[in-house]
Amino acid sequence: MRFSRAFIPTMKESPADAEIPSHKLLIRAGFIRKKASGLYDILPLGVRVLHKIERIIREEMDRAGAQEVLLPIMHPAELWIESGRWDVYGKEMIKFKDRHGRDYALGPTAEEMITDLVRKEVKSYKDLPLNLYQIGGKFRDEIRPRFGLMRAREFIMKDAYSFHVSDEDAEREYWNMYETYSRIFKRMGLEFKAVEADTGEIGGKFSHEFMVIADTGESKLVYCEKCGYAASTEKAVQKRPEVPENRESEFKELQKVHTPNVKRIEEVSEFLSVPPENILKLLVYIVDGEAVAVAVRGDREVEETKLKKALKVKDVRLATDEEIERFTGQPKGFLSPVGLSIPIYADYSVIPMVNFVAGAGEVDYHLQNVNWGRDFTVKEFVDVTEVKGGDPCPKCGAPLVGKRGIEVGHIFKLGTKYSEAMNATFVDENGVEKPMVMGCYGIGVTRVMAAAVEQNHDDDGIIWPYEIAPFHVIVIPVNVKKDEIRDTAEEIYETLQREGFDVIIDDRNARPGFKFKDADLIGIPFQVIVGKRAPEGIVEIKVRKSGERFEVPVNEVAKKIRELLYSWSCQ
RNA sequence: CGGGGCAUAGCUCAGCUUGGUUAGAGCGCGUGCCUUGGGAGCACGAGGUCGCCCGUUCAAAUCGGGCUGCCCCGACCA
């Protein structure tokens with residue numbers, strides 16, 4: 001590719017509506033352009049990266065025994081009605097009618113479509129297992145598209161669905177996909193972590209998310225370097241503490257203290273010189289329409305996904321100030337568990353607490369030496385607070401590491417939810433008809449591109465991992481008007497291409513600084529700079545990632561790049 | 001959908017508070033000169049129904065109302 005002919009519109013300034021590095025840089029470096037909220041044009045450089053990502057996915061999926069298909073993105077409503085998701089999925093789906101007035105949707109995911117295909121064609125256990133995948137456009141009318149490609153309304157996804165005769169076989173395939181995904185993200189050169197995840201709407205026994213580690217990630221995760229435990233904070237569990245022996249013997253007398261205008265935990269902590277760990281935080285939640293109190297240790301935060309699961313409810317939200325007063329008869333900021341009329345669920349973190357501080361149920365007063373069991377009744381101890389870095393691992397007790405991540409892959413065991421709803425059955429070796437057991441496995445292809453940038457960039461621009469870079473090498477003649485420089489650059493360009501590298505030559509008649517800036521911004525791993533020493537047959541290789549520079553003879557450029565690549569792969 | 005903000009040249013933004021000549025700058029774009037190891041310089045030039053509609057006024061980018069689009073904060077997810 002010749003830069004002078006390439007459609008690579010770079011720019012010096014970031015668009016005003018871009019917030020995070022990947023969004024800014026992908027636009028500045030000419031990979032994408034915004035069409036409308038959550039909709040992006042993918043430009044040639046972007047397409048090159050996506051193709052590379054897709055190629056790795058295809059190779060690994062095929063190797064794992066999956067087969068590629070391509071289903072329509074326009075889904076007939078009947079299938080979604082049949083699975084019961086036409087209304088459940090609701091506003092997230094783009095729905096429309098054709099000229100005959102029939103309902104359709106643009107597919108946000110394809111369980112129905114694939115199940116319909118398989119139920120029609122597969123009747124016997126002899127045809128199972130089956131793992132089918134596709135790579136293509138998906139549409140979700142997100143409530144709030146944001147962060148560029150990270151949460152777009154139209155995006156590219158690899159979605160795979162597997163069908164099995166038994167739960168055991170579905171589980172075997174689940175772990176097959178787990179290994180496959182690990183290989184995929186490793187090959188892409190990304191730092192990632194597979195974590196236990198909440199199964200959400202889909203349900204099922206377990207599920208893993210694949211997170212690309214990045215500070216700007218929307219998801220939080222914790223992992224244990226000692227035993228390997230890793231989980232999304234929506235899922236990460238706390239070990240249930242033992243109730244201390246003879247705790248009653250430590251109980252002190254309940255006391256009411258005047259705490260004028262002291263509401264927040266930090267304020268209470270400071271005013272009474274009590275650490276937050278010995279203050280009870282009481283929150284009122286509306287769960288499926290009913291008010292409940294949730295008690296947690298003062299330094300902990302409620303994780304609503306866990307709360308939802310622990311209480312086995314669909315909807316969870318914090319009560320408004322008005323609702324708090326109405327349901328508890330107590331003022332916000334001084335809520336007391338003592339004499340509270342609504343049920344109190346207490347987090348595990350409350351179990352070991354003794355003689356703690358809590359609100360007194362009236363303005364400007366707190367209670368000291370409060371004890372659960374004596375002063376109020378806990379309806380149930382539940383695990384509902386967010387696990388953080390530093391907390392003990394629930395498996396082995398070692399301190400957990402906390403990180404932020406970008407969810408780029410998710411694998412689920414679906415069970416028979418869709419096969420039962422849609423009557424996808426097979427006949428087993430005993431002639432018995434059974435529903436197929438399913439699994440599903442997604443990778444956000446466009447999101448991977450954004451995540452890769454989020455994880456690999458610096459002040460000058462993108463730093464692509466070699467495997468998914470739009471080009472491996474950019475050849476930069478510093479002055480195309482000087483024959484020796486231009487000719488040497490052209491020679492290197494052709495040689496590298498012949499040697500199998502993806503290479504672009506910056507043959508534009510521009511000043512060197514201008515070209516260097518573009519090369520850094522676009523993030524091509526190797527820059528071959530052809531300058532002053534070209535007449536002596538010496539050029540410079542600059543490594544984008546490290547900034548290292550090497551002077552090498554013209555005929556050893558490919559060799560040197562190979563050496564560098566080899567040394568990286570050994571790390 | 002709730003809360004907040006923005007909308008002026010391709011991009012980033014001034015001007016608006018206190019209405020009044022021909023609406024500006026930098027970057028980018030075109031032409032010429034000059035320049036070639038980190039987004040050079042000079043000259044000339046093109047480019048705008050000031051998001052849309054309604055209103056107030058002798059007069060609206062500027063004041064008021066409505067609409068639309070976009071962004072940020074919460075519930076969703078690859």
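If you're wondering where the values come from, they're calculated on a predicted model, not measured in any experiment. Proteins get letters first, then strands, A, B, ... in listed order; numbering begins at 1 in each.
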*Select base, sugar-phosphate, or nothing to describe what A:Lys308 touches, counting heavy atoms under 4.0 Å on all strands.*
sugar-phosphate
*Across the strands shown, which category fits A:Glu540 at heavy-atom distances under 4.0 angstrom: base, sugar-phosphate, nothing?*
base
*Rounded to the nearest angstrom, tell me the gap between atom CD1 in A:Ile57 and atom P in B:A78.*
15 Å
*asked:* So A:Arg140, base contact, sugar-phosphate only, or nothing? Heavy-atom distance under 4.0 Å.
replied: base
_A:Ile522 and side chain to side chain contact (heavy atoms under 4.5 Å, CB included): which single residue from A:Ile462, A:Leu45, A:Leu25 fits?_
A:Leu45
*asked:* I want to check one thing: is the phosphate of B:G37, taken as OP1 and OP2, less than 4.0 Å away from some side-chain N or O of A:Lys482?
replied: no
*If you look at every strand shown and take non-hydrogen atoms under 4.0 Å, does A:Ile529 touch a base, only sugar-phosphate, or nothing?*
base
*Tell me what A:Arg33 touches on the nucleic acid: a base, only sugar-phosphate, or nothing, going by heavy atoms under 4.0 Å.*
nothing
*What's the CD-P distance between A:Glu209 and B:C76, to the nearest Å?*
13 Å
_Does A:Lys193 qualify as a cation-pi partner of A:Tyr223, given the criterion of NZ or CZ under 6.0 Å from the six-membered ring centre and within 45 degrees of its axis?_
yes
_Shortest non-hydrogen contact between A:Ala450 and A:Ser22, atoms and distance_ = O-CB, 3.3 Å
*Which part of the nucleic acid, if any, lies within reach of A:Leu521 when heavy atoms closer than 4.0 Å are counted: base, sugar-phosphate only, or nothing?*
base
_Distance, C1' atom - from B:G26 to B:G19, rounded to whole angstrom_ = 28 Å
*For B:A40, take OP1 and OP2 only and decide whether either is under 4.0 Å from a side-chain N or O of A:Arg511.*
yes
*Taking only the side-chain nitrogens and oxygens of A:Ser37, find out if one of them lies under 4.0 Å from OP1 or OP2 of B:G69.*
no
*Taking the same atom, C1', in B:A7 and in B:G15, what whole-Å distance lies between them?*
15 Å
*Choosing from B:C77, B:C76, B:G38, which nucleotide comes nearest the side chain of A:Arg447?*
B:C77
*Looking only at atom C1', what distance separates B:A60 and B:C70, rounded to whole Å?*
24 Å
*Heavy atoms under 4.0 Å, any strand shown: does A:Lys532 hit a base, just sugar-phosphate, or nothing?*
base
*asked:* So for A:Asp518 and B:G39, does any side-chain atom that can act as donor or acceptor lie under 3.5 Å from a complementary atom in the base?
replied: yes
_Please give the distance between the C1' atoms of B:A43 and B:U49 as a whole number of Å._
32 Å
*Is the cationic atom of A:Arg48 (NZ for Lys, CZ for Arg) positioned less than 6.0 Å from the six-membered ring centroid of A:Phe471 and within 45 degrees of its normal?*
yes
*Using a cut-off of 4.0 Å on non-hydrogen atoms, how would the nucleic acid contact of A:Ala160 be classed: base, sugar-phosphate, or nothing?*
nothing
*Could you give me the CA-CA distance, side-chain angles and deciding distance for A:Asn509 and A:Lys481, then say whether side-chain contact (heavy atoms from CB on, under 4.5 Å) is met?*
CA-CA 8 Å; A:Asn509 179 23; A:Lys481 288 193 171 163; 3.5 Å; yes
*Determine the interatomic distance between P on B:G20 and the same-named atom on B:C50; round to the nearest Å.*
15 Å
*Could you state the atom-to-atom distance from CD of A:Glu234 to P of B:A75 in whole Å?*
10 Å
_Need one value for A:Ala510: base, sugar-phosphate or nothing, where a base atom within 4.0 Å counts as base even if backbone is also close, heavy atoms only._
base
*Do the ring planes of A:Phe192 and A:Phe185 sit parallel (below 30°), tilted (30 to 60°) or perpendicular (above 60°)?*
tilted
*Could you check A:Asp198 against A:Lys308 for salt bridge (charged side-chain N to carboxylate O under 4.0 Å, His left out), going step by step and ending with a plain yes or no?*
CA-CA 11 Å; A:Asp198 179 56; A:Lys308 221 185 278 189; over 6 Å; no
*What does A:Gly531 touch in the nucleic acid at a heavy-atom separation under 4.0 angstrom: a base, only the sugar-phosphate, or nothing?*
base
*How close or far is atom P of B:C77 from atom CZ of A:Phe412, stated in whole angstroms?*
8 Å
*If the P atom of B:C29 is compared with that of B:A23, how far apart are they to the nearest Å?*
26 Å
*Atom of A:Met150, atom of A:Glu454 and distance for their closest heavy-atom approach*: CE-OE1, 3.9 Å
*Ring-ring centroid check A:Phe210 A:His410, cutoff 6.0 Å*: no
*Write down the distance between CD1 (A:Ile476) and C1' (B:G39), rounded to a whole number of angstrom.*
13 Å
*Per-nucleotide protein contact string for nucleotides 1-15 of chain B, where B marks a base within reach and S marks sugar-phosphate only (heavy atoms under 4.0 Å, - for neither)*: B---------BSS--
_Paired stretches of RNA chain B - 3 or more consecutive Watson-Crick or G-U pairs, each distance under 3.5 Å_ = B:1-7 with B:68-74, B:10-13 with B:24-27, B:29-33 with B:41-45, B:51-55 with B:63-67
_Looking at B:G39, I'd like to know if its phosphate oxygens (OP1 or OP2) sit under 4.0 Å from a side-chain N or O belonging to A:Arg508._
no
*Pairwise P distance, B:U62 and B:U8 [rounded to whole Å]*: 13 Å
*State which of B:C77, B:C27, B:C73 makes the closest approach to the side chain of A:Lys12.*
B:C27
_Closest-nucleotide 5' rank along RNA chain B - winner of A:Gly38 and A:Pro512_ = A:Pro512
*Which whole number of Å gives the distance between the P atom of B:C11 and that of B:G51?*
13 Å
*At what distance, to the nearest 0.5 angstrom, does CD of A:Glu304 lie from CG of A:Leu311?*
11.0 Å
*Residue mapping more 5' on RNA chain B - nearest nucleotide basis, A:Val478 or A:Glu407*: A:Val478
_Rounded interatomic separation in angstrom, taking CG from A:Asp198 and P from B:C76_ = 10 Å
*Answer yes or no for this row: A:Phe514 ring on B:G38 base, centroids under 5.5 Å, planes under 30°.*
no
*Atom CD of A:Glu551 to atom C1' of B:G37: distance rounded to whole Å?*
12 Å
*Per the salt bridge (Lys or Arg N to Asp or Glu O under 4.0 Å) rule, which among A:Lys91, A:Lys95, A:Arg153, A:Arg151 passes with A:Asp141?*
A:Arg153
_Nucleotide nearest A:Ser219 when distance is taken to its side chain, options B:C77, B:U36, B:A78_ = B:C77
*Phosphate contact (B:C71 OP1 or OP2) by A:Lys34 side-chain N/O below 4.0 Å*: yes
*Looking at A:Phe550, does the NZ or CZ of A:Lys560 lie under 6.0 angstrom from its six-membered ring centre and within 45 degrees of the ring axis?*
yes
*asked:* Could you report the tightest heavy-atom contact between A:Tyr441 and A:Ala170, atom names first, then the distance?
replied: OH-O, 4.5 Å
_Does A:Arg549 reach a base, just sugar-phosphate, or nothing at all? Heavy atoms under 4.0 Å._
base
*Can you check the A:Lys481 NZ to B:U36 P distance for me, whole Å?*
10 Å
